[in-house]
Amino acid sequence: MRVVLLGAPGAGKGTHCKKIVGRYGLLHLSSGDILRRERAEGTDLGKKAQSYMDAGTLVPDDLIVEMMSKAVKAAPRSGFVLDGFPRTVYQAEALDRALAKDDSGIDVVINLQVDDAIVVDRITGRRSCPKCGAVYHVRNMPPKEAGVCDHDGAALVQRPDDTAEVVKNRLATYYEQTEPVVKYYKAQRDVRDVPADGDADAVAAVLFDILDVLK
Ligand code: AMP
């Protein structure tokens, strides 16, 4: 099964992808996570991506398309769920071309819909574990002990691009460059719009209903 999960930053793509991969045995391909790994390892790509990520703008298409085409091609036969990619119409077209080469298109495109005010609250309250990647929210999903990861005791950090200032840029970038991707897919296929303002378990139940029939 090949799933594309769209939505603004803070819509819950990462959270729901984790639930989806657990249930269906898919590979979670998050362009943001791959870029953060490249940065942590100090690779050329990581260095090139750094300034764009810190400013909340998009990393150039050619770098992202190369990185994600490789990841998609290396995915297991069970399939994958894409999180944070494609983020421009150029990237969506490149993904279509990459998948057309081995005759395997996307099975479903899901669009998580969230109010801007909720996005800002979710992102600025988000804290993550630098060791295992677990994600918390200071109010909605706090760790057992404030500032400490439940799984490995590491000190939680705020992503540098999760500050109020950068979130504004990330939302503006979303409306300018990524919302057209939703229109791109809607012009060629059924896109499943899922309201995602509410409780994460309730949203996950709707996603599972959509995906169970594709199993
Ligand atoms: P995310 O974790 O998905 O919010 O991504 C964090 C940052 O990585 C974004 O603000 C962008 O700077 C960069 N990024 C992630 N995915 C892409 C993409 N598909 N195209 C361009 N830049 C991306």
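One distance of note links CG of Leu82 with CG of Leu95; it measures 6.0 Å at 0.5 Å rounding. Distance check, rounded to the nearest 0.5 Å: CG of Leu45 to CD of Gln50 gives 11.5 Å. Rounding to the nearest 0.5 Å places NZ of Lys19 at 6.5 Å from NE2 of His16. Put simply, SG on Cys149 and NZ on Lys144 are 9.5 Å apart, with the number rounded to the nearest 0.5 Å. Remark: Ile64 CD1 to Thr88 OG1 distance equals 9.0 Å, nearest 0.5 Å. To the nearest 0.5 angstrom, Arg170 atom CZ is 9.0 Å from Thr163 atom OG1.
One N or O on the side chain of Ser78 and one on the backbone of Gly25 form a donor-acceptor pair closer than 3.5 Å. In terms of modelled atom types and a separation under 3.5 Å, the side chain of Asp107 and the main chain of Arg2 share a donor-acceptor contact. When atom types are taken as modelled, the side chain of His137 and the backbone of Asp121 share a donor-acceptor pair closer than 3.5 angstrom. Counting only distance, with no hydrogens or angles, the side chain of Ser31 and the backbone of Gly84 share a donor-acceptor pair below 3.5 Å. Without hydrogens or angle criteria, Thr57 side chain to Asn169 main chain gives no donor-acceptor distance under 3.5 Å.
Using a 4.5 Å heavy-atom threshold, the side chains of Phe85 and Gln91 count as touching. At a threshold of 4.5 Å between non-hydrogen side-chain atoms, the residues Val108 and Ile210 count as touching. Side-chain contact between Val4 and Asp83 is absent, with no heavy-atom pair separated by less than 4.5 Å. Between Arg23 and Asp212 the shortest side-chain heavy-atom distance falls below 4.5 Å. The shortest distance between side-chain heavy atoms of Asp54 and Asp161 does not fall below 4.5 Å. Looking at Met1 and Phe80, their side chains never come closer than 4.5 Å, going by heavy atoms from C-beta outward. The closest side-chain heavy-atom distance from Pro86 to Tyr185 is below 4.5 Å. At least one side-chain heavy atom of Phe208 sits less than 4.5 Å from a side-chain heavy atom of Tyr24.
Annotation for Gln158: atom CD counts as buried by contact number, over 12 foreign heavy atoms lying within 6.0 Å. Environment of CD in Gln188: crowded, with over 12 heavy atoms of neighbouring residues, nucleotides or ligands closer than 6.0 Å. The environment of CZ in Arg192 is sparse: at most 12 heavy-atom neighbours from other residues, nucleotides or ligands sit within 6.0 Å.
When every heavy atom of Ala71 is checked against every heavy atom of Ile34, the shortest pair comes out as CB-CD1, 4.3 Å. Glu145 and Asp150 get closest at one heavy-atom pair: N-OD1, 4.4 Å. When every heavy atom of Cys17 is checked against every heavy atom of His28, the shortest pair comes out as CB-NE2, 3.3 Å. Nearest heavy-atom pair across Leu27 and Val21 is C-CG1, 3.9 Å. Nearest heavy-atom pair across Gly105 and Leu99 is C-CD1, 4.2 Å. For the pair Tyr136 and Met141, the tightest heavy-atom approach, listed with the atom from each and the gap, is CB-O, 3.3 Å.
Hydrophobic clustering (side-chain heavy atoms under 4.5 Å, transitive across Ile, Leu, Val, Met, Phe, Trp, Tyr) groups Leu171 together with Ile118. Val135 and Val119 are assigned to two separate hydrophobic clusters, defined by single-linkage of ILVMFWY side chains at heavy-atom distances under 4.5 Å. Hydrophobic clustering keeps Leu26 apart from Ile106 (ILVMFWY residues linked when any side-chain heavy atoms are closer than 4.5 Å, directly or through intermediates). Grouping the Ile, Leu, Val, Met, Phe, Trp and Tyr side chains by contacts below 4.5 angstrom, directly or via other members, places Leu29 apart from Leu58. Taking hydrophobic clusters as Ile, Leu, Val, Met, Phe, Trp and Tyr residues chained together by side-chain heavy-atom distances below 4.5 Å, Ile20 does not share a cluster with Met68.
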Please set out all donor-acceptor pairs under 3.5 angstrom arising from side-chain atoms of residues 8-15, sequence neighbours excluded.
residue	atom	partner	partner atom	Å
Lys13	NZ	Gly7	O	3.0
Lys13	NZ	Ala8	O	3.2

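The side chain to side chain contact (heavy atoms under 4.5 Å, CB included) test with Leu5 is passed by exactly one of Leu112, Asn111, Val109: Leu112.
Checked by atom type, the side-chain pair Tyr90/Asp62 shows no donor-acceptor distance below 3.5 Å.
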Under the salt bridge (Lys or Arg N to Asp or Glu O under 4.0 Å) rule, what do Arg126 and Asp162 come out as? Steps first, then yes or no, please. CA-CA 7 Å; Arg126 182 158 69 181; Asp162 277 354; 3.0 Å; yes
Passes side chain to side chain donor-acceptor pair (under 3.5 Å), Thr43 versus Glu38? Steps please. CA-CA 6 Å; Thr43 64; Glu38 296 277 343; 2.6 Å; yes
